Amino acid sequence: MNAIGMRVALSSALLLASIFSSATSAGITFGPVRAQPGESVRLLSHSETPGGTIQRSLNGTSSKGTIAITRERELVWTFRAPAQDGTKRGMVRVPSISTTTITKIAGKNDTVTEPSPLNGKMFSMSKSPSGEWKFELDGSVPYSRSQSEIEELTIYLKREWYPTREVNLGDSWEFDPAWIKMIVEKDLSQAKTIGTMRLRQIRRGEKRQIAIIDVTIRSTGGDYKADGSESSASVDLSGQLTVNLDTMLDESLELKGTINIDTNKAGETRKIKLPINLTVNKSFIRDTTSP
């Protein structure tokens with residue numbers, strides 16, 4: 001290669017390096033989900049506890065066993081145009097929410113499946129500019145039976161996971177993982193929790209660009225009642241979140257870790273250790289069942 005050719009090649013390489021550097025180092029700012037007219041967001045979550053163990057002591061007799069908890073959720077969210085006064089509106093459909101617990105201890109096998117009373121239901125949601133999210137059920141399900149699920153939906157809508165400032169590669173920030181706590185272990189809803197996210201990577205392709213975010217969650221809490229019963233729980237999770245930067249939809253969340261639960265009530269103590277795998281996937285769909 002002659003000198004001119006070498007200079008051209010070097011200039012081209014420097015230009016490509018400059019373009020690549022600017023593309024990978026540019027900061028991003030997260031925003032609301034950008035759905036197209038008629039689109040709904042489908043949420044699927046699955047958590048399981050492979051290798052869960054339980055130790056029980058009752059009246060001086062100890063026993064050991066296994067425990068497996070599986071939680072499945074399928075929800076479809078459809079957001080409508082805001083009302084003239086700025087009230088946000090939408091519908092939520094619940095194809096299925098269920099929890100199955102299988103316990104094997106002291107020679108006894110016990111399987112309990114708890115379907116949600118909201119299964120197969122559809123109801124509206126709204127939030128005025130100065131108010132909180134409200135859900136309007138059709139009256140077929142008593143509120144007392146669906147309170148925990150409604151609280152979970154409310155916490156999901158209130159979640160604020162991303163900073164309003166521009167974020168660059170390597171930046172970290174704290175977030176409130178209240179919704180994750182509820183779908184992992186309801187006893188931790190009031191626990192002290194530290195959630196941290198870190199922007200690890202930005203992938204830019206021809207059709208879409210995504211952000212890869214590292215996630216860690218640490219949570220501990222206890223409950224002590226007047227009758228002498230007490231319980232404590234802790235969660236240690238880590239994994240990653242994938243956000244589509246073109247639509248701002250958090251398309252996947254994968255977390256792994258351990259839950260520890262200790263209870264002492266009426267002379268019975270239990271120690272439960274649950275290795276946990278949690279996956280949450282979201283996608284846009286055309287929800288033809290919505291009004």
Side-chain angles (χ1 to χ4, degrees), residues 28-47 71-83 86-99 115-116 118-129 131-138 146 148-164 175-184 195 197 203 205 207-213 215 239-255 278-291:
I28 59 174
T29 301
F30 294 99
V33 175
R34 303 164 187 160
Q36 297 298 318
E39 284 186 330
S40 299
V41 175
R42 183 189 187 204
L43 182 153
L44 294 172
S45 76
H46 170 84
S47 64
R71 290 185 174 134
E72 306 278 2
R73 284 166 175 76
E74 181 181 359
L75 304 170
V76 177
W77 307 81
T78 304
F79 292 92
R80 305 300 185 194
T87 296
K88 296 180 180 179
R89 303 179 301 175
M91 301 291 295
V92 59
R93 182 168 60 86
V94 185
S96 178
I97 299 176
S98 67
T99 301
S116 169
L118 296 180
N119 286 352
K121 302 294 183 182
M122 180 184 294
F123 44 92
S124 62
M125 57 188 181
S126 63
K127 179 185 179 300
S128 66
E132 299 288 341
W133 281 101
K134 295 181 180 179
F135 295 89
E136 298 179 13
L137 305 180
D138 60 7
S146 59
S148 62
E149 282 87 353
I150 294 298
E151 289 176 352
E152 178 185 319
L153 297 177
T154 302
I155 289 175
Y156 171 81
L157 288 171
K158 291 171 62 177
R159 69 195 182 107
E160 295 181 355
W161 284 3
Y162 316 113
T164 55
F175 75 105
D176 181 8
W179 179 66
I180 296 175
K181 286 192 300 182
M182 289 199 73
I183 66 174
V184 169
M197 291 186 176
R203 298 176 183 172
K207 295 184 178 180
R208 67 173 191 161
Q209 51 185 351
I210 61 174
I212 307 298
I213 300 171
V215 182
Q240 73 175 31
L241 175 70
T242 301
V243 180
N244 185 319
L245 297 177
D246 299 314
T247 63
M248 288 300 164
L249 184 68
D250 45 322
E251 295 181 335
S252 67
L253 171 66
E254 297 181 1
L255 294 172
L278 168 67
T279 60
V280 181
N281 292 291
K282 290 185 191 174
S283 59
F284 288 116
I285 64 171
R286 293 282 172 175
D287 188 20
T288 58
T289 62
S290 296

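A quick note: this is a predicted structure, and the numbers were derived from the prediction, not measured.
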task: Salt-bridge test for K127 and E132: reply yes if a basic N is under 4.0 Å from a carboxylate O, no otherwise.
output: no
field: From CG (L44) to OG (S283), nearest 0.5 Å
entry: 7.0 Å
- prompt: In Å and rounded to the nearest 0.5 Å, what is the OG to CE distance from S124 to M91?
  reply: 5.5 Å
- request: Return the set of residues passing ring pair (Phe, Tyr, Trp, His ring centres under 6.0 Å) with F284 (not counting sequence neighbours), or none when no residue passes.
  value: none
query: About how many Å separate OG of S45 and CD1 of I180, when rounded to the nearest 0.5 Å?
result: 10.5 Å
- prompt: Checking side-chain contact (heavy atoms from CB on, under 4.5 Å) for the pair Y156/V92: CA distance, chi angles, key distance, verdict?
  reply: CA-CA 12 Å; Y156 171 81; V92 59; over 6 Å; no
query: Under 3.5 Å, is there a donor-acceptor pair linking the side chains of S116 and E149?
result: yes
task: State the CD1-OG1 distance between I212 and T242, to the nearest 0.5 angstrom.
output: 3.5 Å
query: So do W77 and V33 actually touch side chain to side chain, heavy atoms under 4.5 Å?
result: no
message: Within a 6.0 Å radius of atom NZ on K88, are there more than 12 heavy atoms belonging to other residues, nucleotides or ligands?
response: no
- request: Say whether, by atom type as modelled, one donor and one acceptor occur between the side chain of R73 and the main chain of S98 under 3.5 angstrom.
  value: no
query: Heavy-atom distance under 4.5 Å between the side chains of W179 and E152, does that happen here?
result: yes
query: Would the number of heavy atoms belonging to other residues, nucleotides or ligands and lying under 6.0 Å from CZ of R159 be above 12?
result: yes
- prompt: Under 3.5 Å, side chain of T87 to main-chain N/O of A83, donor-acceptor pair present?
  reply: no
message: Please tell me whether W161 and F30 form a close aromatic pair, meaning their ring centres lie under 6.0 Å apart.
response: no
query: Say you draw a straight line from CD of E251 to CD1 of I210; how long is it, rounded to the nearest 0.5 Å?
result: 7.5 Å
- request: Without swapping roles, check the side chain of N244 against the backbone of D250 for a donor-acceptor pair under 3.5 Å.
  value: no
- request: Measure up the F79 and W133 rings against each other and bin them: parallel (under 30°), tilted (30 to 60°), perpendicular (over 60°).
  value: perpendicular
query: Do the side chains of S146 and L137 get nearer than 4.5 Å, heavy atoms only?
result: yes
